[in-house]
Student: 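If you scroll down you'll find the structure; I have some questions about it.
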Amino acid sequence: MIQLTITDIAMALGLIAIAIGLSAWQKLGLEWQLLIATIRTIVQLIFVGYVLEIVFDYKQPWLALAIITVMLTVASVVAKNRISKKIPRLLPLVWGSILTSTVLSISYTNLLVIQPETWYEPQYLIPLVGIVLGNAINGAAIAGERLVSIINSSPVEIETYLSLGATPQTAVAKYRKDAIRAALIPNLNQMMVIGIVTLPGIVTGQLLSGVNPLDAVAYQMLIMFLLAFANLVTSLLVTYSLCRQFFNQDAQLQNL
């Protein structure tokens, strides 16, 4: 593997400098955003690199779980902010949904597929959790935002169903299905063209680090199956919990 030095990274920053120059030339107004994003990328990745080095060296379960808890909380806050700021108790709702899907998907993967020596092996646990959480943010946000938007724009139709004797879950079932399908579209699209149109980052990273191409492809297949499952479970749980928030104890629709 060819290791990148500080000089190499500095040379790579030339790409951002060119991008900033192009933005200024075309008067896009993205110069400060590109600069701030670049600085944050450098600072955040260096910080994560040192933290993961410590976690990988000590291999303590409590340390790995602490890192995962922070990642989970940040992911939940980001997803919650993309859905709505008006729905009560939305953060614990999203947090619990993402936690459940992550535990189910990672447990299955670790126990039945990878089977590391210890369940908390940081080399496998933290990267897999990070990939799942990154995908869960999008799944929860897309499904949640779509569901909230549709329900808020269709009160008459929902109340008509309720007046005809439908239960709250039945009255919004169609909207919930549409929201879940929308959340799964990015995963399905990526799975349809992977290896033909796109080469995912994990494959590229492993190839650059000298891993056998077939081994890299095998892990990418695992990742794609893992993400599809985790995203579906997250979307199911988030939309189910959100649907309950829109109705009171008397099964009446509430404006949120």
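Here the structure is a predicted model, which is why all the values come from computation and not from measurement.
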Student: Between I180 and L236, does the side chain to side chain contact (heavy atoms under 4.5 Å, CB included) criterion hold? Intermediate values first, please.
Tutor: CA-CA 7 Å; I180 294 172; L236 285 169; 3.5 Å; yes

Student: Take N231 and T234, measure what side-chain hydrogen bond (donor to acceptor under 3.5 Å, both in side chains) needs, and give me the verdict at the end.
Tutor: CA-CA 5 Å; N231 199 9; T234 301; 5.5 Å; no

Student: Answer whether the closest heavy-atom distance between the side chains of I131 and L226 falls below 4.5 Å.
Tutor: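 No, every pair of side-chain atoms sits at 4.5 Å or beyond.
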
Student: Carefully, step by step, assess E157 and K174 under the rule side chain to side chain contact (heavy atoms under 4.5 Å, CB included).
Tutor: CA-CA 11 Å; E157 185 175 349; K174 179 177 65 174; 3.0 Å; yes

Student: G96 and T100: which non-hydrogen atoms are nearest, and at how many Å?
Tutor: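 For G96 and T100, the tightest heavy-atom pair comes out as O-OG1, 2.8 Å.
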
Student: For the atom pair CE (M224) and CG (N135), what is the distance rounded to the nearest 0.5 Å?
Tutor: 8.0 Å

Student: Given the rule that I, L, V, M, F, W and Y join up when any side-chain heavy atoms are under 4.5 Å apart, are L72 and V48 in one cluster?
Tutor: yes

Student: Any chance you could measure Q245, atom CD, to R89, atom CZ, to the nearest 0.5 Å?
Tutor: 5.0 Å

Student: Honestly curious: do L65 and I67 fall in one hydrophobic cluster under the side-chain, below-4.5 Å linking rule?
Tutor: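 Cluster IDs for L65 and I67 match.
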
Student: Distance-only, no hydrogens or angles: does the S241 side chain make a donor-acceptor pair with backbone N or O of V238 under 3.5 Å?
Tutor: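 Pair absent, no side-chain N/O of S241 close to backbone of V238.
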
Student: How many angstroms lie between CG in L15 and CD1 in I20, if you round to the nearest 0.5 Å?
Tutor: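 Taking CG in L15 and CD1 in I20, the distance rounds to 11.5 Å.
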
Student: Does Y124 have more than 12 heavy atoms from other residues, nucleotides or ligands lying within 6.0 Å of its OH?
Tutor: no

Student: Would you name the heavy atoms of A183 and A143 that are closest together and state the gap between them?
Tutor: CB-CB, 3.8 Å

Student: Closest approach of F246 and N152, non-hydrogen atoms and distance?
Tutor: CE2-OD1, 3.4 Å

Student: Flag the pair Q60 / V55 as yes when at least one side-chain heavy-atom distance between them is below 4.5 Å, and no otherwise.
Tutor: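 When only atoms from C-beta onward are counted, V55 and Q60 do not touch, as no gap falls below 4.5 Å.
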
Student: Look at the side-chain heavy atoms of Ile, Leu, Val, Met, Phe, Trp and Tyr, link any pair under 4.5 Å apart, and say whether L188 and I223 land in one connected group.
Tutor: no

Student: Can you give me the closest heavy-atom contact between P186 and I142, atom names plus distance?
Tutor: CG-CD1, 4.2 Å

Student: Would you compute the distance between atom CD of E145 and atom CD1 of I150 and round it to the nearest 0.5 angstrom?
Tutor: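 E145 atom CD to I150 atom CD1 measures 9.0 Å (nearest 0.5 Å).
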
Student: Indicate yes or no for a side-chain donor-acceptor contact from E121 to the backbone of P116 under 3.5 Å, with no hydrogens or angles considered.
Tutor: no

Student: Going through the checks in order, is the side chain to side chain contact (heavy atoms under 4.5 Å, CB included) test met by Y175 and T239?
Tutor: CA-CA 9 Å; Y175 310 129; T239 53; over 6 Å; no

Student: For a quick test of reading the model, state the closest non-hydrogen atom pair linking A79 to I98 and the distance between them.
Tutor: CB-CD1, 4.5 Å

Student: Considering non-hydrogen atoms only, spot the tightest contact between L125 and Y120 and give its length.
Tutor: CD2-CA, 3.8 Å

Student: So, do I42 and L13 sit near enough that their side-chain heavy atoms are less than 4.5 Å apart?
Tutor: yes

Student: Looking at S101, S105, S97, which hits side chain to side chain contact (heavy atoms under 4.5 Å, CB included) with V233?
Tutor: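 With V233 as partner, side chain to side chain contact (heavy atoms under 4.5 Å, CB included) holds for just one option, S101.
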
Student: As a quick check of understanding, evaluate side chain to side chain contact (heavy atoms under 4.5 Å, CB included) for I114 and L128, giving each step before the final call.
Tutor: CA-CA 11 Å; I114 299 178; L128 288 175; 3.5 Å; yes

Student: Any donor-acceptor pair under 3.5 Å linking the side chain of S107 with the backbone of L104?
Tutor: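 No; zero donor-acceptor contacts below 3.5 Å.
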
Student: Is there a continuous path of hydrophobic side-chain contacts, each under 4.5 Å between heavy atoms, that joins I106 to F56?
Tutor: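 Per the 4.5 Å side-chain linkage, I106 and F56 are co-clustered.
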
Student: Got a sec: does the OH of Y161 have more than 12 other heavy atoms crowding it under 6.0 Å?
Tutor: no

Student: Should S76 and T73 be marked as a side-chain hydrogen bond (donor to acceptor under 3.5 Å, both in side chains) after you check the CA-CA gap, both sets of side-chain angles, and the distance that decides it?
Tutor: CA-CA 5 Å; S76 300; T73 302; over 6 Å; no

Student: Side-chain contact test, heavy atoms from C-beta onward, threshold under 4.5 Å: evaluate it for L242 versus L90 and give yes or no.
Tutor: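 Yes. Closest side-chain heavy atoms under 4.5 Å.
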
Student: Shared ILVMFWY cluster between V51 and I54, side chains joined below 4.5 angstrom?
Tutor: yes

Student: Are a donor atom and an acceptor atom from the side chains of T167 and T170 found within less than 3.5 Å of each other?
Tutor: yes

Student: Tell me if the CG atom of L164 is crowded by more than 12 foreign heavy atoms within 6.0 Å.
Tutor: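 Yes, CG of L164 has more than 12 neighbouring heavy atoms, counting only those of other groups under 6.0 Å.
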
Student: Among L147, V94, L93, which residue meets the side chain to side chain contact (heavy atoms under 4.5 Å, CB included) test with I83?
Tutor: V94

Student: Quick one: does L22's side chain get under 4.5 Å of Q26's, heavy atoms only?
Tutor: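 No, side chains not in contact.
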
Student: Considering residues, nucleotides and ligands other than Q44, do more than 12 of their heavy atoms fall under 6.0 Å from its CD?
Tutor: yes

